[in-house]
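Single-structure report; data block below.
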Number of protein chains: 2
Amino acid sequence: MSVTIDDIAKEAKVSTATVSRVINGSKAVSPELTRRVLEVIERKRFKPNSFARGLATDKSSIIGVIVADISNPVISTTIKGINHVAQQKGYTVLVCESDGDGRKEQMLLERLEEQKASGVILAGMNVDHSRVEKMLDMDFPIVMVTQQSSDGCITINTVIHDNIQAIIDAVSFLYDNGHTRIGFICGPENDYSSGIRRLEGFRMAADSLGLDIPSSYIVHGDFSYESGRECMTRIFEENTRMPTAVLACSDLMAAGAVSGAASLGLSVPQDLSIMGFDDTDLARYLNPSLSTVRIPYFEEGSKAAEELFALMESGEKATGKLVFIPHKVIRRFSVRNIKTHDS
Amino acid sequence: MSVTIDDIAKEAKVSTATVSRVINGSKAVSPELTRRVLEVIERKRFKPNSFARGLATDKSSIIGVIVADISNPVISTTIKGINHVAQQKGYTVLVCESDGDGRKEQMLLERLEEQKASGVILAGMNVDHSRVEKMLDMDFPIVMVTQQSSDGCITINTVIHDNIQAIIDAVSFLYDNGHTRIGFICGPENDYSSGIRRLEGFRMAADSLGLDIPSSYIVHGDFSYESGRECMTRIFEENTRMPTAVLACSDLMAAGAVSGAASLGLSVPQDLSIMGFDDTDLARYLNPSLSTVRIPYFEEGSKAAEELFALMESGEKATGKLVFIPHKVIRRFSVRNIKTHDS
DNA sequence: CCCCGTCATGAAACCGCTTACACCGTGCTG
DNA sequence: CAGCACGGTGTAAGCGGTTTCATGACGGGG
């Protein structure tokens, strides 16, 4: 069918071993032969058969990425980051969607094992401890990104932003703009990973700034636009004294909150300030544009890939390393300064 | 290392050929042996090595998808559709990003050839005729989705929506709502595929409805939010008599147009109606929510995958088949009916 | 009763590449 | 000058499946 290493060897009058060595640079070959072989390879457009190579080396140039939902902008940005460095290294990225289904996720891991993936990145996946244990049995190193294992005990290498500090910074930003009554729309209650940390950050910030936050100011959404709307309504209904600002745990929920506020007759930011999280494109598209916390997901993705390659090279499955990517508060128009201005 | 077909054969006291036959159901095996083999496979958790299999059959269970930008919601939705049917068929999807760079795209195609992909889908890629020719030389069948080859002459199988009719329907919708002065924000001038068709649809609709559209009503954007804003400004500056409605070729540009209109002191839909295209989530998130044309990208993706599998099974590289997926006009709040209402 | 076709099975070749090992020539050391 | 280390090269043995082909058992028709 297509041109093989034997064809090249014959044409260049050398052995297949030499051709292989030239391709992989695995051992010294004389300049003369190298030149001859390369010339023939070029001329015949030889591409080594990746199956044969994989069979012989038991390694592929594939790294797998498992995500819950590929059309989530946070995730797709992360994937772009991963892709970026993988492509540079000559690796191909296999993106698999689990739809958040644990069984499917297990299936995908097994399939990646069959494909002899050289490494796997779990992007934005909620994974608990018992799962982590099993994963370390896989043939490849794994790193998590954008979400960390739910229990504190770190075994899998992880690249993530500092959820606690990010929320503290967001609350401080609101506080600096004169807000002391601050509502919080967090993630689902069963999100034991980033959700619990962000809530912790919120509590810490409230404490250290001396804010008095009634429990009815804190509500749980599920990261969707619709839940953002609902949460806004709930805050409105359950409080006679409304917060002056609401911090949501994602831009999408913040968008829902803005819309919910509008339905309640509140306009943003005149009557209510709203702040998002992530700094997805949506934050810029909305009117008013969202103040938010920028999480550099592209960088998280590329850093995760780099960590994975480091593991692959060292041959270790996991070192427990934890890398934080710095975030940044972004000021836009959904938050009003109520300290200096007139009401 | 891991358990091989030989282990199974030995344990079940049969030959490797028999095990292989059981796995693939390629030839009759007695019930007795089948049972024994399956039992051992199950017990030892045997997974055939995909390299060895690929090497022997010269086929992989991978299909490739090449896209320009994975975080474009239109594209990621299409990918989800592809994934859906591929997963059912036991295939894995390799998503590759070309960043719209033709050279990179060529590289990716070659890499997919190396990986012996069984088929490839080009999602939303702008491809001209000379490229198409070369692609048909590849080892695998190719289908295009969401975008068709730029010249009329169809060779590659394609799954797409009817761009001409979709725009005609959108214009008709605006017309039915009393609009006769309609602006059009189209794609880049060098988009010879969907762009040219949409413009054609716009002209056809204008003609058949007897609308008088000055050329300054038609401007070219690049599908970005920012270009939507600019286009809006341009329409405003170049016309003393403004259109009453503007149709944009993507929700994103429509969002930019809304924002641009706001900057010009025009509020939507009171002073100006704006209509989008695609029906991405963004259309619902905006305020006012966008009237738009829903293109079922998930369905396009899954249909494209089905077409690809059909080609793979028939063994043909291309049949020139063209499949249209029906669209639908969605009414929301960015378009006002100026026929029945007061001014 | 014999011949032949059919079916189930196993032995072994093969897919294309990597790599352990053998081999050879060269230059250096003792 | 013998012996040895070493760099460059080729031979061939895998890697783990699939598949061709040979073999043997069995059943039915003449």
Side-chain angles (χ1 to χ4, degrees), chain A residues 1-41 44-62 90 110-111 113-118 139, chain B residues 1-41 44-62 90 110-111 113-118 139:
Chain A
M1 185 73 58
S2 61
V3 35
T4 74
I5 204 174
D6 291 282
D7 302 336
I8 305 300
K10 213 166 297 172
E11 184 95 2
K13 302 196 203 315
V14 298
S15 71
T16 63
T18 301
V19 177
S20 172
R21 291 198 265 261
V22 169
I23 295 170
N24 301 303
S26 46
K27 226 178 166 187
V29 174
S30 72
E32 161 63 7
L33 290 198
T34 305
R35 201 190 49 66
R36 243 159 63 200
V37 168
L38 285 179
E39 190 271 330
V40 178
I41 286 181
K44 296 218 155 190
R45 305 192 167 290
F46 166 69
K47 303 276 176 196
N49 179 318
S50 58
F51 289 137
R53 178 178 269 178
L55 185 55
T57 61
D58 205 42
K59 284 241 155 68
S60 77
S61 60
I62 286 183
E110 280 169 22
R111 188 173 287 175
E113 215 166 18
E114 282 175 58
Q115 307 260 5
K116 299 276 184 248
S118 297
D139 293 341
Chain B
M1 184 72 57
S2 62
V3 34
T4 74
I5 204 174
D6 292 283
D7 303 336
I8 305 300
K10 214 167 293 171
E11 183 95 3
K13 302 193 202 314
V14 297
S15 71
T16 64
T18 300
V19 177
S20 173
R21 291 197 265 260
V22 169
I23 294 169
N24 300 302
S26 46
K27 227 178 166 188
V29 174
S30 73
E32 161 64 6
L33 291 197
T34 304
R35 200 191 48 67
R36 242 158 65 200
V37 168
L38 285 179
E39 189 271 331
V40 179
I41 286 182
K44 296 218 153 189
R45 305 192 166 291
F46 167 70
K47 303 275 179 199
N49 178 317
S50 58
F51 289 138
R53 180 178 266 180
L55 184 55
T57 61
D58 205 42
K59 283 236 157 69
S60 77
S61 61
I62 286 183
E110 280 169 21
R111 189 173 286 174
E113 215 166 17
E114 282 176 58
Q115 307 261 5
K116 299 276 184 257
S118 297
D139 292 341

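Numbers restart at 1 for each chain; the letters A, B, ... are given by sequence-line order, proteins then strands. None of the values given here were measured: they were computed from a predicted structure.
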query: Which nucleotide in the list D:dT9, D:dG10, D:dG17 gets nearest to the side chain of A:V29?
result: D:dT9

- prompt: Of the nucleotides D:dT18, C:dT9, C:dG16, which has the atom closest to the B:A56 side chain?
  reply: D:dT18

Can you check the [X] [atom1] to [N] [atom2] distance for me, whole Å?
X: B:I41; N: D:dG16; atom1: CD1; atom2: P; value: 16 Å
X: B:R53; N: D:dC15; atom1: CZ; atom2: C1'; value: 16 Å
X: A:K59; N: D:dC15; atom1: NZ; atom2: C1'; value: 14 Å
X: A:F51; N: D:dG17; atom1: CZ; atom2: P; value: 14 Å
X: B:K47; N: D:dG17; atom1: NZ; atom2: C1'; value: 16 Å
X: B:I5; N: C:dA12; atom1: CD1; atom2: C1'; value: 14 Å
X: A:I8; N: C:dC17; atom1: CD1; atom2: P; value: 9 Å
X: B:N49; N: D:dG17; atom1: CG; atom2: P; value: 6 Å

Please tell me if [X] has a side-chain N or O lying less than 4.0 Å from either OP1 or OP2 of [N].
X: B:T4; N: D:dG16; value: no
X: B:S30; N: C:dT9; value: yes
X: A:T16; N: C:dT18; value: no
X: B:N24; N: D:dT18; value: yes
X: B:S15; N: C:dG10; value: yes

query: Okay, side chain of A:E113, backbone of A:D139: is any donor-acceptor separation there less than 3.5 Å?
result: yes

message: Return whichever of A:K27 or A:D6 has its heavy-atom-nearest nucleotide of DNA chain C closer to the 5' end.
response: A:D6

query: On DNA chain C, nearest-nucleotide positions of B:L55 versus B:R36: which is more 5'?
result: B:R36

query: Between A:S15 and A:A9, what is the shortest heavy-atom contact and its length?
result: C-CB, 3.8 Å

query: Do you know the tightest heavy-atom contact between B:V3 and B:K44?
result: CG1-O, 3.5 Å

message: I'd like to know if A:E110 and B:K47 make a salt bridge, using a cut-off of under 4.0 Å between side-chain N and carboxylate O.
response: yes

query: So does B:R36 pair up with B:E32, basic N to acidic O under 4.0 Å?
result: yes

Base, sugar-phosphate alone, or nothing: which one does [X] contact when heavy atoms must sit under 4.0 Å apart?
X: A:L33; result: sugar-phosphate
X: B:V19; result: nothing
X: B:A28; result: sugar-phosphate

- prompt: Do B:R21 and B:V14 come close enough that some side-chain heavy atom pair is under 4.5 Å?
  reply: no

message: Can you work out whether B:R21 or A:A17 has the more 5'-proximal nearest nucleotide on DNA chain D?
response: A:A17

